[in-house]
Structure formats: C-alpha cells, structure tokens
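Throughout, a chain's letter reflects where its sequence line sits, starting with A, and its residues are numbered from 1.
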2 protein chains.
Amino acid sequence: MRQEQGTPDGELRYRKVAAELREAIIAGEYAAGTKLPPEGTLAERYGVSRGTVRHALAVLRSDGLVTSRRGTRRTVLGGPRAQSFSELLSFTNWARSIGETPGGRVDSVVRRPAEPFEAGQLGLADGAEVHLVLRVRTLSGEPVMVERSLYPARIGELVAELPPDTVSHTEALVAHGVLFTDADHTIDLAWADADDVRLLDCPPGQVLLRERRRTTDPEGAPVEWSEDRYLPGTIAFTVHNSVAASTLGRHHSPRGGKG
Amino acid sequence: MRQEQGTPDGELRYRKVAAELREAIIAGEYAAGTKLPPEGTLAERYGVSRGTVRHALAVLRSDGLVTSRRGTRRTVLGGPRAQSFSELLSFTNWARSIGETPGGRVDSVVRRPAEPFEAGQLGLADGAEVHLVLRVRTLSGEPVMVERSLYPARIGELVAELPPDTVSHTEALVAHGVLFTDADHTIDLAWADADDVRLLDCPPGQVLLRERRRTTDPEGAPVEWSEDRYLPGTIAFTVHNSVAASTLGRHHSPRGGKG
DNA sequence: TAGTGGTCTAGACCACGCG
DNA sequence: GCGTGGTCTAGACCACTAT
C-alpha cells in the first residue's frame, strides 16, 4: 500500500490537516460553541487515516482551539491563543507576533567564573566560565525590559562574536546550529535594582514583572539561563491548559469527594 | 488478537507505562542526562505495542521529563516539574500540594446583571444575571490573595447555597457535577484598589501579581471567570514548554524571600 | 441503540544521528 | 549502514453520550 509519508509538496499530513482546520475555525467556518465533524468524516474529507486526523486534532487541542470528550463530537472553543514555544522563548519573536518592533542595546558583557547558583542552573562545575550579557530591550524604541542572560562558555563565545546591533541573540544562535527545545519559566515579582532603574528609567524599588527562564537542548544540556524584568503594563503572559493535555498517572480513586 | 483495552485491574495501559517510567526516573533508575531504552525495547518489556509506548512517552514529554529527537534515543531531563490541572485550577488544591493550609473568607456576594465585558467572558447576553464573589484567601491564616470570581446564574446559584465556611468552592462545584476541563490564564501586574488594600492590609497603589482565568466545560461553555491578586513574594507561576506542549503551574515563594 | 471519541494493535516506510 | 524516533495506515474493541 502507498503511504508516501506526507503530501507531494513535502508537507506533513497531520500538520496540513491541523492548519486547514485552524484556518477554518478562525475564518468562522466552525463557530465557537459548535461541533466539529466526526473524525471519520474528516479522515475521508482529507484523504488520510483516522490516526492522522487525531494527531492533527491533538495539536489543536493543545493550542486550546477545541475540546474533546468521549461520546460527543469535539466542540470548538473561541479563538484563545496560548503563546507558542518560540514566542515564549524569545522577546524578539514575541514582539513581532504582536506587531511591535523589537530592539535592544547591550549594556555590558562579562566573562567570569560561575557562581554556585549559576553553575547549578547551567549544569556546570563551580567556577566554570560563563558569559553574562546585560541588555535593555525596547518596543518601538521605548525601554520595557532588562534582560540578564547567562551562557555556558561554548555558547557565550558565539554570542560574543555577534554584531553589536544583533536584535535577536536567540535567532542568531539557532542559525549557528544551537538547538532550543525545552524551557522552564518562573514568573513572579521583583524590585528594581540600580541597573533596572538606570536602564528602564524607573523609580528605585519599582515593582517589576520577572520571568526567569532555563532553556535546554534535546540532550537536556542547558544552553541559556535568563532573568527578564518588565515594566508594569508592558506584558502579560498567557497560558492555556486542560485536563487532557497534562494528564499523568494521577488517578483519583472512587468517590471520596470532599467539599 | 488480544486487546483488552487496559490491564485486568482497570488501569489504562499507556498511563501505567507512563507511571512506571516516571517512577523509575524519579527513583534515579534513569538519571538525568542519560538515555532511555528504545521504544521497541520498552514495548516488549511492558508487553504493549509501540504505539502505546509512544503515547506514554508523549505524556512524559509534555511534563518536561524527557525530550526526544529523531535519530537518537530519548534523553532524560530530570525530576518532576509539571503540576496537575487541579492544582492550577484551584487555590485550595495548590495550597495543599505545597503542604500549606488554605483558608478563605467571603467578603461579599453580589447578584446583578452582567456588564458587557463580563457577559463576553462568560458567553452570556448583555445584562444576563451573574454572581460575583469577593473573597480573601489565606495560607496558614495569613492573607495572601484577593479573589474575584464571576459565575453564570446556573453555577452561581450552587455557589450561593454553599455553607459559609466552604474552603474550596471549586471542589464543591465539581461534587455537584460541574465539569472543569479547560482554562485560559493571563498573568500580569495590577495596582491594589480599595478592596485589595482593605483585605490584604497593604499600602494603596501596591503592585500585585494578577492572574485572570477563564474556565470552560467540555462543551466550551464558560463556568467561571476569576481575577486573583497576590501579594508580592507569595507566589510564583511556573511554565514548562517545549516544541510539543506547555504546562503552567504555580509555586509558593516565602514572603519577603529574594530570588 | 446508534454515534462518537478513546485506546490498542501490528504492521510499514521515512528522516535523521552516529559510528 | 544501522539504529532510532517520526509519520502513517487499517482495522478492532471499549466507554460514554444522546436519542
């Protein structure tokens, strides 16, 4: 049997199906609150197997576009859009996705031995060399965020060689073959220190929205650790989650329901 | 062919495999940075098909426990990180998961026509009746968060009938058969208003960490809209994301703690 | 009872990483 | 070249929802 593993033009089938369904939903062909056709019908319509349709629908589900429930057809949710991996990964990608013009100015680059906390975050031995880059990031020229990025030596050397006007260090690293596949983010509040006050032109002690991020490659090797501090009112993080998306072996037994 | 759809004791196979692999990783059997056995080997070991093994591994992947990459075996990333849907959904569940004692005091319950924004969030017609509950939430008796929850009439009526000392409104609703399956979260900053100042005992204009959340049932019908405002230093939200999925969680950070 | 999504199987071929 | 994960198929049974 023929199964040429993707359409003739090189697209993967499940992605193609997902893309077409996504467009149909956004275009209003499937309005929020209405039901999607059954998997079997979609499989026939797109000329793929049911498994491939399910793969496509899983993508839409994890994006929060549709729900699913055994026994009934899938329901179309509104147009909620969680931030994609690349938008969460890089200030530049995020800014572009909202139609803004990102910018940045490097304030300082330091090359020094890692402190214990830093070594831990990057999975290095105490005292291993790290590169610390302090940058102020702008939207349409206005400072909105201070970024403190820490790189292990092998990555830092690439960063150090970038042209000073490079807007996206992340994209430049990707172009150099560095892979970013997983990231852990922590979001909370922080108080402006002297650097923040100077670079963001805000009052001392100003409360800022802080995002700390640790990014790894497919091998689990840390490639970047960063602490970003945003002025109030400049950013909001959005996330979608569902019972099905993050289900794990957490079975709550019978009906011991409490109030 | 045999395919009894789950083990004899009623467990789903892919969950069982996922759970065993998770425990093995946490127990250190598969150390961080090492490789997992090939899918085929795992399939043989657990007596399931390769598809089921892949399903299990997809769960672990979306929890950030392992990565994957074509051509090489999966890499173990590290300990447990992701939090369950219910921990994210409810302050009570979250507090318990970190070993804290959650509490709450209802400040006011209002029943009135929805304003345009509220109607939009709950998918109701302008002026439809909604229930607004204002509560202060505590950890070990200390106020840490002000919660403004908005319910459509059919849900609000259930909430209104709850005993005044009900700690978890969410759990009570679940016990009444209300289904929570999807949530969209927005995290940013807000400034304390008069209610916040009064209930949290903080200075006027204090910057707070704000989480707004819209929760829907499997049909996509909104069941709750909530705006929660946390004192600085009391909470941190965590997100894990990868090219495949992202999971949001929240963590406790001791008051006044530094980063 | 019919329809639908959830689970599972047993194959197959493809694309990538590495020795 | 070979091992590995990624994609895809065709079919099956099960669990749940709605009629």
Between P of D:dG3 and CG of B:Leu42, the distance in whole Å | 17 Å
Is the shortest side-chain N/O distance from B:Arg50 to OP1 or OP2 of D:dG6 below 4.0 Å?
-> no
Report yes if at least one side-chain N or O of B:Arg74 is closer than 4.0 Å to OP1 or OP2 of D:dG6; otherwise report no.
-> yes
Protein-nucleotide distance (A:Arg15, atom CZ; C:dC14, atom C1'), rounded to Å | 15 Å
Residues B:Arg154, B:Glu129: salt bridge by 4.0 Å N-O rule | no
Value in whole Å for how far the C1' atom of C:dT4 lies from CD of B:Glu219 | 13 Å
Are any of B:Thr72's side-chain N or O atoms less than 4.0 Å away from OP1 or OP2 of C:dC18?
-> no
Looking only at side-chain N and O atoms, does A:Thr52 come under 4.0 Å of OP1 or OP2 in D:dT7?
-> no
Residues B:Glu219 and A:Lys35 bridged, charged N to O under 4.0 Å | yes
Comparing A:His55 and A:Arg69 on DNA chain D - which has the more 5′ nearest nucleotide | A:His55
Separation of D:dA18 atom P from A:Lys35 atom NZ, nearest Å, is 7 Å
Taking the inter-plane angle between the rings of B:Tyr14 and B:His55 on a 0 to 90° scale, is it parallel (under 30°), tilted (30 to 60°) or perpendicular (over 60°)?
-> parallel
Report the nucleotide, chosen from D:dA18, D:dC8, D:dG5, that has the shortest atom-to-atom distance to any side-chain atom of B:Arg73.
-> D:dG5
Please give, in whole Å, the distance from C:dG6 C1' to A:Glu39 CD?
-> 8 Å
DNA chain C: B:Gly51 or A:Leu179, which has the more 5' nearest nucleotide?
-> B:Gly51
Protein-nucleotide distance (A:Tyr14, atom OH; C:dA15, atom C1'), rounded to Å | 13 Å
Is any side-chain N or O of B:Arg54 closer than 4.0 Å to OP1 or OP2 of C:dC8?
-> no
For A:Arg70 and C:dT4, is the shortest distance between a side-chain N/O and OP1 or OP2 below 4.0 Å?
-> no
What pairs with B:Arg50 under salt bridge (charged side-chain N to carboxylate O under 4.0 Å, His left out), at least two apart in sequence or on another chain?
-> B:Glu39
Salt bridge A:Arg69-B:Asp217, side-chain N to carboxylate O under 4.0 Å = no
Roughly how many Å is it from NZ in B:Lys16 to C1' in C:dG6, rounded to a whole number?
-> 19 Å
